[in-house]
Amino acid sequence: MQKPTLPKGTRDFGPVQMAKRNFILDTIKETFRLFGYEQLETPAMENLSTLTGKYGDEGDQLLFKILNSGDFLKKVTPQDIQEGASATLSKVAEKGLRYDLTVPFARYVVMNRHELTFPFKRFQIQPVWRADRPQKGRYREFYQCDADVIGTDSLLCEAEIILMIRRVFEKLGIQDYSIKLNNRKVLTGIAGVIGEAGKEGPLCVAIDKLDKIGREKVEEELLERGFGPAAIQKLAPLFESNAESISEVLNFLEDFLQASEIGLQGIKELQEMLQLLNSLGANQEHLVLDFLLARGLSYYTGAIFEVKAHGVQIGSVSGGGRYDDLTGVFGMPNMSGVGFSFGVDRIYDVMEELGLFPDQTLTGSQVLLAHFDGKAFGYALGVLSKFRAQGIRAEVYPDLTKMKKQLDYASKKGIPFVAICGDDEIKNETIAFKNLETGEQESMKVEDAINRLI
RNA sequence: GUGAUUGUAGCUCAGCUGGUUAGAGCGCUGGUUUGUGGCACCAGAGGUCGCCGGUUCGAACCCGGUCUUUCACCCCA
């Protein structure tokens, strides 16, 4: 007998966890639908050729590859093995597990471009897999909840994303959080202004760590990445700016990016988005304009979002941005899109830590039918059907056993009521309806009990 | 991929510088209670000390490997 274990970085979700997860997922789904997004699902596995080369070298390393069925060594020659893993890989594996939802989405759009009506709004909630080394808040299998619009440049999408984020968090009861905003063009402008045009990539990677490692370390890292001391000197106003409100930050940026056309364009986009938000009748609550926000994904070209919950040590719980050419790699250029994603696992952790799950997230039975003997069991079955016919979640204890055990069962499962059946009840056509929380018990007709539960 | 870290009963953890039959709390099963759970009391079951190898008269304890857990880095949700 071997004892079973889970693969590294994967988890089971028991009934209690599922009830809580569904509370989050249902809220997100409902919100996506409210804003006109339609659901898409794609296969867990994709052709490896679809996946490779989309996530950088690091990403390719983290792809789970699926060994070909049957004699997977059929095509491998001794020479392949001599040449090493990468030469052999393409001959033993032609499929891989999906790494994110964005690439499968792009693949789908390209394959179905003639059937789709653009702008196409889709949401997708499915697990993805990464052969990463697990650590806090990071798993090898986890869920992404993506919503994207493809085929429009309108900044309305960005404004609506903010509304969706706020709606979801409000419904979930998360109050203390901020939605950080930035625009990739602002970052490009910054790189230009400091005389390091085109290097916003490395600039972002380094700046992104500001919160974590501090200004000095960031400056060190910039030096290592080939930024000149003069350029780093020019960044100083950014680190030292004490602009807080959105309008203050915009003013500051307009000044700093005076010489950068693209930077000013980024500011214009931000302003327009805020204007649209205003027209939608929404305020700027929770919004923070953070011109140092730089999300890792390299394909963002416009707006960038990131959501952080306050009061907990958990990374971002949602994020996204605009990309100008998502489908280009699959031969369909110039499709602008904007998308974002909720991190369900992290939202779960935040809510757990802050105690935000409502008590009644459990969806178990409302009433248990208990019985004293075989005859009562038969009677209970009839009563059970009456409860269910009225839509009341009910179950009967399936074995003939002591009352103690049946009540114990209900207690442990959190079933609030027990309908006890015995000779007296059969004779009077009643049940003994017991409230397990208060201990009160009353003899009544099934119909009366049903009325209490509805 | 790099560097640490963890593993003892179903769960949370004790277990001294290596020394006889490895302990506690909670949980579990049964009983006190043959028409009633939670509380109390009583009794009981449950462990190849992650796995493999080594050192030793003797290993849960020391050493090596491996798997696993957690954490940091890289990167990322």
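Chain letters run A, B, ... following the sequence lines, proteins first, then strands; residues in each count from 1. When reading the values below, keep in mind they use all heavy atoms of this one structure, side chains included, and skip hydrogens, waters and symmetry mates.
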Taking the P atom of each, how far is C62(B) from C28(B), in whole Å?
-> 35 Å
Mind checking whether Phe340(A) and Phe32(A) have parallel, tilted or perpendicular rings, split at 30° and 60°?
-> perpendicular
Atom C1', compared across G19(B) and G37(B): separation rounded to whole Å = 48 Å
Distance between P atoms of A24(B) and A43(B) (Å, rounded) = 13 Å
Using a cut-off of 4.0 Å on non-hydrogen atoms, how would the nucleic acid contact of Phe342(A) be classed: base, sugar-phosphate, or nothing?
-> nothing
With heavy atoms under 4.0 Å as the rule, sort Asp100(A) into base, sugar-phosphate or nothing.
-> nothing
Please figure out whether Leu6(A) or Glu221(A) has its closest RNA chain B nucleotide nearer the 5' end.
-> Leu6(A)
Any ion pair linking Arg130(A) and Asp100(A) (charged N to carboxylate O, less than 4.0 Å)?
-> no
Look through every strand shown and name the nucleotide pairing with U5(B) as Watson-Crick or G-U wobble, where both distances are under 3.5 Å.
-> none
G27(B) to G38(B) separation - P atoms, rounded to the nearest Å | 11 Å
How far, in whole Å, is U48(B) from C61(B) if one measures between their P atoms?
-> 16 Å
Verify the stacking flag for Phe142(A) against A77(B): centroid separation must be under 5.5 angstrom and the ring planes must differ by under 30 degrees.
-> yes
Using the P atom on both, measure U8(B) against G15(B) and round to a whole Å.
-> 14 Å
Ignoring the backbone of Lys209(A), work out which of G37(B), C75(B), A77(B) is nearest its side chain.
-> C75(B)
For Asp408(A) and Lys404(A), indicate whether the former's side chain and the latter's backbone hold a donor-acceptor pair under 3.5 Å.
-> no
Rounded to whole Å, the CG-C1' distance (Asp146(A) to C76(B)) equals 14 Å
Between the base of C75(B) and the side chain of Arg138(A), is there a donor-acceptor distance below 3.5 Å?
-> yes
Measure from the side-chain heavy atoms of Glu58(A) and tell me the nearest of C75(B), A77(B), G37(B).
-> C75(B)
Minimum-distance nucleotide to Lys8(A) side chain [options: U68(B), A77(B), U36(B)] | U68(B)
Answer yes or no: is there a donor N or O on one side and an acceptor on the other, between the side chain of Asp60(A) and the main chain of Thr52(A), under 3.5 Å?
-> no
side-chain N/O Lys405(A) vs U36(B) OP1/OP2, d < 4.0 Å | no
Between C1' of C76(B) and CG of Asp345(A), the distance in whole Å = 14 Å
Nearest-Å distance, CG (Leu63(A)) to P (G1(B))?
-> 15 Å
Quick one: on RNA chain B, does Val317(A) or Cys421(A) contact a more 5' nucleotide (nearest heavy atom)?
-> Cys421(A)
For G30(B), what is the paired nucleotide under Watson-Crick or G-U wobble rules, both distances under 3.5 Å?
-> C42(B)
Take the protein atom CG of Leu101(A) and the nucleotide atom C1' of C76(B), then report the distance between them rounded to whole Å.
-> 15 Å
Consider the side chain of Val205(A), meaning its heavy atoms from C-beta on, and name the nucleotide among C75(B), U36(B), C71(B) that approaches it most closely.
-> C75(B)
Check whether NZ of the Lys or CZ of the Arg Arg452(A) lies under 6.0 Å from the centre of the six-membered ring of Phe417(A) and within 45 degrees of that ring's axis.
-> no
Residue Asp424(A), side-chain heavy atoms: nucleotide from G35(B), A77(B), C75(B) that is nearest | G35(B)
Give the rounded distance in Å between these two atoms: CG of Asp408(A) and C1' of U33(B).
-> 14 Å
Does NZ or CZ of Arg122(A) fall inside the cone over Phe105(A)'s six-membered ring, less than 6.0 Å from its centre and within 45° of the axis?
-> yes
Where the side chain of Lys434(A) is defined as all heavy atoms beyond and including C-beta, which of U36(B), C71(B), C75(B) is the nearest nucleotide?
-> U36(B)
Output yes when at least one side-chain N/O atom of Lys412(A) is less than 4.0 Å from OP1 or OP2 of C28(B), else no.
-> yes
From the list G35(B), A77(B), G38(B), which nucleotide is the closest neighbour of the side chain of Glu425(A)?
-> G35(B)
Gln406(A) side-chain N/O to G37(B) phosphate OP1/OP2 under 4.0 Å = no
Sugar-phosphate, base or nothing in reach of Lys402(A), heavy atoms under 4.0 Å | sugar-phosphate
Just name whichever nucleotide pairs with U21(B), Watson-Crick or G-U, keeping both distances under 3.5 Å, else none.
-> none
Heavy atoms under 4.0 Å, any strand shown: does Gly439(A) hit a base, just sugar-phosphate, or nothing?
-> base
Mind checking who C49(B) pairs with, Watson-Crick or G-U wobble, both distances under 3.5 Å?
-> none
If you measure from the Lys or Arg side-chain nitrogens to the Asp or Glu carboxylate oxygens, is any gap between Glu158(A) and Arg322(A) under 4.0 Å?
-> yes
Is any NZ, NE, NH1 or NH2 atom of the basic residue among Glu221(A) and Arg225(A) found under 4.0 Å from an Asp or Glu carboxylate oxygen of the other?
-> yes
C1' atom, U6(B) versus U12(B): distance in rounded Å?
-> 15 Å
Please state the P separation for the pair C71(B) and U29(B) - nearest whole angstrom.
-> 34 Å
Could you state the CZ-P distance from Arg133(A) to U2(B), rounded to the nearest angstrom?
-> 7 Å
Name the nucleic acid region contacted by Glu437(A), choosing base, sugar-phosphate or nothing; use a 4.0 angstrom heavy-atom cut-off, strictly under.
-> base
Calculate the interatomic distance between Gln61(A) atom CD and C74(B) atom C1'; express it in whole Å.
-> 12 Å
Given atom CD1 of Ile415(A) and atom P of U36(B), what is their separation to the nearest angstrom?
-> 20 Å
